[in-house]
2 protein chains.
Amino acid sequence: MPLIERLPKKQRHQHLLKLIEANPFVTDRELTRELKVSIQTIRLDRMELGIPELRERMKQMAEHSYDQVRSLPLDEVVGEVVDLQLDKSGISIFEIREEHVFSRTHIARGHYVFAQANSLAVALIDDEIALTASADIRFLRQVHLGEKCIAKAYVRSMNGQKGKAKVEVFTYVGEEMVFQGNFVIYRSTGEDNIEGGM
Amino acid sequence: MPLIERLPKKQRHQHLLKLIEANPFVTDRELTRELKVSIQTIRLDRMELGIPELRERMKQMAEHSYDQVRSLPLDEVVGEVVDLQLDKSGISIFEIREEHVFSRTHIARGHYVFAQANSLAVALIDDEIALTASADIRFLRQVHLGEKCIAKAYVRSMNGQKGKAKVEVFTYVGEEMVFQGNFVIYRSTGEDNIEGGM
DNA sequence: TACTGTTTTAGTACCAGGTTCTAAATAGAT
DNA sequence: ATCTATTTAGAACCTGGTACTAAAACAGTA
């Protein structure tokens, strides 16, 4: 019953975990070359650590991405739309996370706040294709990591079927307004009447 | 040489394509039950249609999602800055890919084009912290899947150390201007002199 | 030194989900 | 009937494993 000096195994386990995390596509055989142990040891280690075999790892990744892709169409909108009255008004919520901020300052990058507002403005328009033509925006104060942005959008005008819609968006964190934007959205009812737009 | 009535095969091919698209995780054996043909026929069909085996499909999906995750952290700046003269001008290139477009129309979502311009405008300012205060933007024409956006930014004015910088950005696809924006960027030289900004 | 227990290695059988190849059965048109 | 395309069958082989048995190598200790 060796009490001391049983570290190499634990160290190998750590090493193994790192190797597989670094490259989930590595086979057991490739790992033997890296860790200088037999393939059986690799397999025992994987069992102890609960790491599934290569094919299972790939399957899980594939299923994961498939689920994501399935839900991506919802991602045409940045932020979660919690209320939507087409051609009238809408509300969306967007939480600022690690990936949305400048790592140094933890302040949200402007384009995410813009993206939320833009997405909501576009979603509001009940039309085949709705694209942003122009926007006039103000960032009123910085938004920080962890803050929840609540964007409220209102359609201010709608001219005809081949026209532009004006949408005003206000984004709040709590009581404070952090962003304000006036969007002009092109609404094409199928025709090629767009001169510009996104 | 059967000239007529050779449709069942083509129909089966169509059916097969749809089944695999609907569920990429289906095995050949499962497909035999759906299509009422032998497993060899399924395999011949897959070959003719160039559809890889289940494991290869899963591997490709896994690699795809892995690549996506890998490339996300590079996103502090949207687009690749290819030229940068701090406080003067800069150029960045951004290729519109699948994940940047509306899946239905293949037109780029506006906020990506904005993000490229915004990122470049911020990168241009040689300061500790640079945040977008406001912007006035125009989307001049749609940008489509596969197009390369070349954004050129110029600093138009700079007032003092605690001031705002005005940056003008033009984005082109080839010769065509697709976006134009006037950004006001706050440059804080460490102090807390920002009233707003991203 | 011999005994004990852990750890590592080796080897075999087996599995899923295929590929590759050869060959036979079947269908359809002429 | 015959010719050709299509479909089916079967066997050998592949990868990257699992499951299991068994032997060796190591360590600590009595």
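Residue numbering restarts at 1 for every chain, and letters A, B, ... go by the order of the sequence lines. This is a predicted model, so every value here is computed, not measured.
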Rounded to whole angstroms, how far apart are CD on B/E53 and C1' on D/dC13?
-> 14 Å
With a 4.0 Å cut-off, would you call B/R12 and B/E34 a salt bridge?
-> no
Give a yes/no answer on whether the side chain of B/R12 brings an N or O atom under 4.0 Å of OP1 or OP2 in D/dT7.
-> yes
Interatomic distance, A/K9 NZ vs C/dG5 P [rounded to whole Å] = 17 Å
Scan for salt bridge (Lys or Arg N to Asp or Glu O under 4.0 Å) pairs involving residues 171-182 of chain A, sequence neighbours excluded, and state none if there are none.
-> A/R141-A/E176
Restricting both atoms to N or O, compile the protein contacts to nucleotides 12-16 of chain C shorter than 3.5 Å, with distance only.
residue: C/dA16; atom: N3; partner: B/R55; partner atom: NH2; Å: 2.7

Send over the distance from B/K59 NZ to C/dG17 C1', rounded to a whole Å.
-> 15 Å
Tell me: CG of A/L35 to P of C/dT7, nearest whole Å?
-> 17 Å
Mind calculating the distance between CE (B/M58) and P (C/dG17) to the nearest angstrom?
-> 9 Å
Among all residues two or more places apart in sequence or in another chain, which pass the salt bridge (Lys or Arg N to Asp or Glu O under 4.0 Å) test with B/E56?
-> none
Look at the side-chain N and O atoms of B/S38 and state whether any lies under 4.0 Å from the OP1 or OP2 oxygen of D/dT8.
-> yes
Side chain to side chain donor-acceptor pair (under 3.5 Å) partners of B/S38, counting only residues at least two apart = B/T41
Report the residues that fulfil ring pair (Phe, Tyr, Trp, His ring centres under 6.0 Å) with A/F114, sequence neighbours left out, ordered by chain and then residue number.
-> A/F183, B/F114
Salt bridge (Lys or Arg N to Asp or Glu O under 4.0 Å) with A/R55: which residues, sequence neighbours excluded?
-> none
Separation of atom CD1 in A/I42 from atom P in C/dA10, rounded to whole Å = 13 Å
Salt bridge (Lys or Arg N to Asp or Glu O under 4.0 Å) involving A/E95 - partner list, sequence neighbours excluded = A/K148
Set of residues satisfying salt bridge (Lys or Arg N to Asp or Glu O under 4.0 Å) with respect to A/R43, sequence neighbours excluded | A/D28
In whole angstrom, give the distance that lies between atom CG of A/L16 and atom C1' of C/dT8.
-> 15 Å
Here the distance between atom C1' of D/dG16 and atom CD1 of A/I39, to the nearest Å, is 8 Å
Close aromatic pair by centroid cut-off 6.0 Å: A/Y112 and B/H111 | no
Listed in order of residue number, which residues of residues 43-52 of chain B have a non-hydrogen atom at under 4.0 Å from DNA chain D?
-> B/L44
Closest nucleotide among D/dG16, D/dT7, C/dT7 to the B/T41 side chain = D/dT7
